[in-house]
Enquirer: 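Can you read through this structure? Questions will come right after.
Residue numbering restarts at 1 for every chain, and letters A, B, ... go by the order of the sequence lines.
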Number of protein chains: 2
Amino acid sequence: MTQLLKVQNLFLSSDGFGAGEGQSLERPFGHANPAELASWAGATASWPNRTEPGGSRGLDDYFTRDFANNIGAEIMGRNKFSPYRGPHDLEWQGWWGDEPPFHTPVFVLTHFDRTSFTLSDTTFHFVSGEPAAVLEQARAAAEGRDVRLGGGVTTIREFLEADLVDTMHVAVSRGVTLGSGVRLWESPDELLDRFHLEVVPSPSGVVHHIFWRR
Amino acid sequence: MTQLLKVQNLFLSSDGFGAGEGQSLERPFGHANPAELASWAGATASWPNRTEPGGSRGLDDYFTRDFANNIGAEIMGRNKFSPYRGPHDLEWQGWWGDEPPFHTPVFVLTHFDRTSFTLSDTTFHFVSGEPAAVLEQARAAAEGRDVRLGGGVTTIREFLEADLVDTMHVAVSRGVTLGSGVRLWESPDELLDRFHLEVVPSPSGVVHHIFWRR
């Protein structure tokens, strides 16, 4: 079986930004409001961070429940893992508390060394190197399953430029514009030379963009 | 965790029929052409009966790859299992060959006794009784996972009437009309008193109907 590299449930503003400017401990998405970008996902029954029962089981729930489906590892950028730059603060163990929602090995891209650590069933590894080499490590750790490319947008752009992404799901919040920040695209059409694209508006108001390699 | 009872990937004609008239060994769906009703699913990468690599990974693939997601047992009607009526022909082991696509226990509703048998990782059990009692058996066999209600339409109607169905995905082929046969509904609106409904047209032409309990 092929091991795919997949972007899943990437939240994007209507003008193409995955995060705003000025990331900090208090504002992990900078001037963007993550609750606004994630509201469609948070309303579903299968949202991994859900703390109360209930939630919708319509179209959007297919996307949130597919998040962990056949995923054996995640790759994420340093800025998804932490608000800090430079050498690692060893006290910092990510934004997710004692039960991170990954449940697989996670490979954090960073130029600074750090020893791996485990929280519940998620182990964080800290790696540098070219995207292709990092993907090779993640594939080995995934033991035959697929690899999720978890973002942020800068990391996704690097892997797109290296032509390593097999499928990508981007959820565009029509009502949210950011104006500045970290941008995935000016238009999804930029990817049409290499990807099929289906654009599926959800009854919730979010617009699902589903890409797969030509 | 709640164990849901789920209808998944039920193929329906635009006029509400799940199968035509005159089921036989040669025509499992009667005068309906199953290839026509299933074409949207057969085109996807995750279609369980796929024999060649390739296939689309757009919206429709979310539905085909969700087919086995967290499913621990299936319930099906006698007419999905076999073209025969009356006492069982013990030579008949279903339509699916040596590798049935279920990979879980399957409970076949029938008034006629038959001993369970196993093909690959699918075990077929033959049960009678009220829908609620059969569901209880299937839930126990599913070991905490959900139960798929596999059809046909007559079986689904029985479980709907007993108010046991939690979620239902029906894929309506807009271009296919059957005129007669086994009917699920005159209109999906018949279910709106008890279910939420999202209607999602796919770029492939099929229209996904997603129901979940109010």
Enquirer: Can you give me the closest heavy-atom contact between A/Asn69 and B/Arg65, atom names plus distance?
Expert: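 So the minimum-distance heavy-atom pair works out to ND2-O, 3.7 Å.
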
Enquirer: Return yes when atom CZ of B/Phe29 has more than 12 non-hydrogen atoms of other residues, nucleotides or ligands closer than 6.0 Å, and no otherwise.
Expert: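 Incorrect, the count does not exceed 12.
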
Enquirer: Under 6.0 Å from the CG atom of A/Asp98, do we count more than 12 heavy atoms belonging to anything else shown?
Expert: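 Not more than 12 within 6.0 Å, no.
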
Enquirer: Is atom CG of B/Asp189 surrounded by more than 12 heavy atoms (other residues, nucleotides or ligands) closer than 6.0 Å?
Expert: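 Above 12, so yes.
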
Enquirer: Could you name the residues of residues 166-186 of chain B that have a heavy atom within less than 4.5 Å of a heavy atom in chain A?
Expert: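 The residues closer than 4.5 Å to chain A, in numerical order, are B/Thr167, B/His169.
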
Enquirer: Please say whether more than 12 non-hydrogen atoms of neighbouring residues, nucleotides or ligands are located less than 6.0 Å from CD in A/Glu190.
Expert: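 Buried by this count: over 12 neighbours within 6.0 Å.
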
Enquirer: Checking side chain to side chain contact (heavy atoms under 4.5 Å, CB included) for the pair A/Ile210/B/Tyr62: CA distance, chi angles, key distance, verdict?
Expert: CA-CA 10 Å; A/Ile210 311 169; B/Tyr62 278 82; 4.0 Å; yes

Enquirer: Please classify the contact of A/Leu4 with chain B as side chain, backbone, both or neither, using a heavy-atom distance under 4.5 Å.
Expert: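 It is the side chain, since no backbone atom gets that close.
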
Enquirer: For the pair A/Glu198 (side chain) and B/Gly58 (backbone), establish whether a donor and an acceptor sit closer than 3.5 Å, ignoring hydrogens and angles.
Expert: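 Not a single qualifying donor-acceptor pair exists.
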
Enquirer: To the nearest 0.5 angstrom, please state how far the CG atom of A/Leu59 sits from the CZ atom of B/Phe63.
Expert: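 Rounded to the nearest 0.5 Å, the CG-CZ separation comes to 6.0 Å.
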
Enquirer: Relative to chain B, which segment of A/Arg213 carries a heavy atom at a distance below 4.5 Å: side chain, backbone, both, or neither?
Expert: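 When you check distances to chain B, no heavy atom of A/Arg213 falls under 4.5 Å.
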
Enquirer: More than 12 non-hydrogen atoms from neighbouring residues, nucleotides or ligands closer than 6.0 Å to CZ on A/Phe211, yes or no?
Expert: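 Above 12, so yes.
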
Enquirer: Counting heavy-atom pairs closer than 4.5 Å to chain B, which one of A/Val199, A/Asn70, A/Leu197, A/Asp66 comes out on top?
Expert: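 Of the candidates given, the most pairs with chain B belong to A/Asp66.
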
